[in-house]
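As structure tokens, the structure follows; a few thoughts come after it.
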Amino acid sequence: MITLDRLVNVLAGSGARLAGGARARDVMLRSLVVHDPTDPRPATGDVFLAVGVDSPAEAVDLAEQARASAVLVRAPAPLEPATSATAEHAGVAVVLADPEVSWSHLTGLAYGLVLEGRETESGRGPTDLFALADTLAAALRDSSVVIEDQLSRVLAYSSSDDVVDTVRSQTILGRRLPDRVRELFAERGVFRHLAASDEPLFVEPSAAHGFGGRMVIAVRAGRELLGSLWVETASPFDAGRRRVLEDGARTAALHLLRSRASADLERQVESDLVTRLIEGSGDAPAMVSQLGLPPGELRVVALQAHVRDEQHAGVLLAFEHVTTGFGWSRPGRSALFAHTVYTLLPAGDETVGVAREWVASVRAGLPAHVGLVAGIGGAAEASLLPASRREADECLALHAAHPELAPVVYDESWDRIVLRRLRAVTAAGRMPERGPVAELRRHDRRHGTHHVETLRAWLAAHGDIGAAAATLDVHPNTVRYRLRKMDEATPLAIDHPDQRLALIIALAATDEDRT
């Protein structure tokens, strides 16, 4: 938030000037609203941007309806005496901008100035959501206010704690709505209401959950749900307080949009560089330097996150989490590509410990209802990162097949990756359709024999009949008998090393992945 004097002084550099109506230049400006003739709902804000309004008189009338302290309108000076008198009576300061100055330039300056405040947790976009929460709490008669994102994570809260229930305390301390309360709201249809309606909703208290009553309203930009605004109250709001809540939601949307725009610009630059590195295009060492990563080997980590009933929310949440904070405060650099987040992590001298700990920290930072799978590629120089990316993708696929296990690391699972590639070759029809293994499989299907199983055990035991028999839980003579029958069905030539190796490869390429 800024003073009117500060706003006028900055806009003066773009050809704007205070033309009248100001009672005091030290009035504080905390919010702003843009004129929208297509929206019939009344909107309020401290600064009224009269976009599309050519008449200063009309702009002053609209600003008065919006309960604004200042109006910005593009019109030539001077201001008509009658309009000046109306503005002074209404307490609306009229700032005239040169008609040749674009609205995009003026609105950019106004948003940046009025919504400028403390930085977000990400260290990026300017926002003053905490001040907004305090302002709303005061306007709503010292009620406690919490502003959350679309996944119930706390963005800001008011400092007024006259009425505090257990859930509010837990929400603020944990930085997100407790899972048990989120489940309660889901059962009551609160989230369905927020997704579909802009109307405030009263949420009945629940003593069993330590939860008092709430008024909640969606914070939305167009059709996109950005978050929600919660106010502690024992009973539904009257019309006046509902109007204050609606105005607060629109102002919160402006804050969130500006914060996201600032963060998105940095994320886009970072994402473009990471994408080019893992695709192998451009000067790899130069791009690593631009990203602020140390020289030396890096690892590619591939992440996918899933939220039930929300197709894209999980991966977007994961991407936001891993790109939270200033570049120097984060160990890696990330890109969002389709449904996967790719992160470059310095490998250093360690094996896989740092990468595994980083994945664990991401898992801990996401809500409990978000599922996460990950694959960690091998360490590689900058020019070889496409290979690490392929390894990360293959490890990710293995983890996705068994998400209950630990994330898959290439260094520890390269053998499974090799076998996976062999199976991909087989699935593409590039393995011979005829040969000893194929013949033995057909014989087993036709006659109910156990030739393939026996051959696999014998090869795994390096030709040790006793060890193979123990694996199969049969007598050694049974293994000898089966080997003779196999050789009768198709020549095995198991005395030749190359033939044995080929048999091992053919078996591995056609076996299912046994984790």
Side-chain angles (χ1 to χ4, degrees), residues 108 119-126 257-305 312-350 352 354-363 365-366 372-397 407 409-411:
E119 290 175 330
T120 62
E121 180 185 348
S122 69
R124 288 190 177 92
L257 284 173
R258 178 165 178 80
S259 175
R260 188 171 68 178
S262 176
D264 284 351
L265 179 60
E266 293 186 22
R267 286 189 174 112
Q268 180 180 344
V269 173
E270 178 178 322
S271 189
D272 287 346
L273 289 170
V274 171
T275 299
R276 291 173 63 192
L277 277 168
I278 63 178
E279 290 182 342
S281 62
D283 186 341
M287 288 187 286
V288 168
S289 178
Q290 285 180 269
L291 287 168
L293 292 170
E297 292 187 323
L298 302 165
R299 290 183 185 275
V300 178
V301 180
L303 300 173
Q304 287 183 350
H312 304 294
V315 69
L316 291 174
L317 182 59
F319 181 59
E320 180 184 354
H321 179 79
V322 300
T323 54
T324 291
F326 290 110
W328 50 261
S329 69
R330 293 185 281 119
R333 304 291 182 270
S334 302
L336 177 59
F337 191 83
H339 301 294
T340 305
V341 176
Y342 293 100
T343 298
L344 301 180
L345 291 177
D349 297 327
E350 54 83 35
V352 296
V354 171
R356 184 176 279 121
E357 290 173 4
W358 181 82
V359 173
S361 71
V362 175
R363 167 67 277 175
L366 296 175
L372 183 75
V373 291
I376 301 172
E381 296 291 340
S383 60
L384 299 178
L385 284 173
S388 183
R389 181 261 181 98
R390 288 191 294 272
E391 294 162 0
D393 282 337
E394 291 171 303
C395 289
L396 177 67
V409 183
Y410 182 77
D411 304 52

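Counting all heavy atoms, side chain and backbone alike, A374 lies closest to V359 at CB-CG1, 3.9 Å. For V409 against R356, the heavy-atom pair with the smallest separation is CG2-NH2, 3.5 Å. Looking at every heavy atom in both residues, E297 comes nearest to A379 through OE1-CB, 3.6 Å.
Of the possible donor and acceptor atoms, none in the side chain of S388 sits under 3.5 Å from a partner among the backbone N and O of L385.
For the atom pair CG (L298) and CD (E381), the distance works out to 8.0 Å, reported to the nearest 0.5 Å. The NE2 atom of H339 lies 15.0 Å from the CG atom of L303; values are rounded to the nearest 0.5 Å. The line from CG of L345 to CZ of R333 is 10.0 Å long, rounded to the nearest 0.5 Å.
Scanning for side chain to side chain donor-acceptor pair (under 3.5 Å) contacts around S334 gives T343, with sequence neighbours left out. By the side chain to side chain donor-acceptor pair (under 3.5 Å) test, Q304 pairs with T340, sequence neighbours left out.
The closest side-chain heavy-atom distance from D411 to I376 is not below 4.5 Å.
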Show the atom names and distances, to 0.1 Å, of all donor-acceptor pairs under 3.5 Å that link a side chain in residues 390-397 to residues at least two apart or in another chain.
residue : atom : partner : partner atom : Å
E391    : OE1  : G378    : N            : 2.8
D393    : OD1  : Y342    : OH           : 2.7
D393    : OD2  : Y342    : OH           : 3.3
D393    : OD2  : R389    : NE           : 2.9
E394    : OE1  : R421    : NE           : 3.3
E394    : OE1  : R421    : NH2          : 2.8
E394    : OE2  : R421    : NE           : 2.9

Validation: residues 272-296 side-chain donor-acceptor distances under 3.5 Å, sequence neighbours left out:
residue : atom : partner : partner atom : Å
T275    : OG1  : S271    : O            : 2.8
D283    : OD1  : A286    : N            : 3.4

Problem set entry | Verdict with reasoning, L344 to V300, per side chain to side chain contact (heavy atoms under 4.5 Å, CB included) | CA-CA 5 Å; L344 301 180; V300 178; 3.6 Å; yes

